[in-house]
Amino acid sequence: MKDNVILIGFMGAGKTSVSRALAKAENLPLVDIDEMIEKEAGMVASEIFRLYGEERFRQMETEMLEKLIRETDHSVISVGGGLPVREINRRLMRELGTVVFLNVKAETVLKRLEGDTTRPMLYADDKEKRVNDLLAFRSPLYREAAHIVIDTDDKTIRQVAREVARTALGVTGCGESQ
């Protein structure tokens, strides 16, 4: 296993924000797989979904994980919420480093993503049902992939970043002077 920290979880769990805070606090490179895919494809994820479908996007995620295994170490890696759905991706992530599942409740997701129209997996008439259904399906897969589970409800980004640093990196201060 490589020496990376991979943050996984449902949309709205805080993966992007926590990965940024953790990378900054610990002076580590930050890798965002969705951003890498968008840059390589020349379009945002929602466009890739619309033009090529979810399965092609999931294949792009697998290809990106394989690339990171070859090229990346000592980094913080943020992945999209659906990446762990594929069994091969769960295996590849565990090879890539320590996988941290940022767990979140449905009501927190709905509150955090209120008004967000950029997430293709939330395109539904009944967003609450969609979130609950997706969480019921994905949470066991996230747990299967994870080495560590951290609940993010009612915590700040900084609190979650500190907990990730302590549990995944063995750091006690998360960028703070002791």
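Side chains are part of it too, since the values below use all heavy atoms of this structure and drop only hydrogens, waters and symmetry mates. Here, residue 1 is the first one in the sequence, and each next residue gets the next number.
The minimum heavy-atom distance between I6 and L96, with the atom names listed, is CD1-C, 3.8 Å. Here the shortest heavy-atom pairing between L102 and A13 reads O-CB, 3.3 Å.
Looking at D133 and K129, a side-chain N of the basic residue comes within less than 4.0 Å of a carboxylate O on the acidic one, giving a salt bridge. With salt bridges taken as basic N to acidic carboxylate O contacts below 4.0 Å, none links E87 and R90. Using a cutoff of 4.0 Å between basic side-chain nitrogens and carboxylate oxygens, R56 and E63 are scored as salt-bridged. Look at E163 and K155 and you find a salt bridge, because one of the NZ, NE, NH1 or NH2 atoms lies within 4.0 Å of a carboxylate O, short of that distance. In summary, E55 and R58 do not engage in a salt bridge, as defined by a charged side-chain N under 4.0 Å from a carboxylate O.
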L65 vs L83, side-chain contact (heavy atoms from CB on, under 4.5 Å): CA-CA, chis, key distance, verdict: CA-CA 10 Å; L65 284 173; L83 184 142; 3.7 Å; yes

Intermediate values then yes/no, side-chain contact (heavy atoms from CB on, under 4.5 Å), K39 and M36: CA-CA 5 Å; K39 184 176 180 182; M36 291 177 69; 5.8 Å; no

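Looking at heavy atoms from C-beta onward, V18 lies out of side-chain contact with I150 at the 4.5 angstrom threshold. E26 has its side chain out of reach of V76: every pair of non-hydrogen atoms, C-beta onward, lies at least 4.5 Å apart. The shortest side-chain heavy-atom distance between Y52 and Q59 does not fall under the 4.5 Å cut-off. In this structure, the side chains of E107 and V131 stay at 4.5 Å or more apart for every pair of heavy atoms. Side-chain atoms of V79 and N89, non-hydrogen and from C-beta on, never get closer than 4.5 Å to each other. No side-chain heavy atom of T16 sits less than 4.5 Å from a side-chain heavy atom of D34.
In terms of modelled atom types and a separation under 3.5 Å, the side chain of Y142 and the main chain of G81 share a donor-acceptor contact. Checked by atom type and distance alone, the side chain of N4 never pairs as donor or acceptor with a backbone atom of I77 at under 3.5 Å.
More than 12 heavy-atom neighbours from other residues, nucleotides or ligands sit within 6.0 angstrom of NZ on K2.
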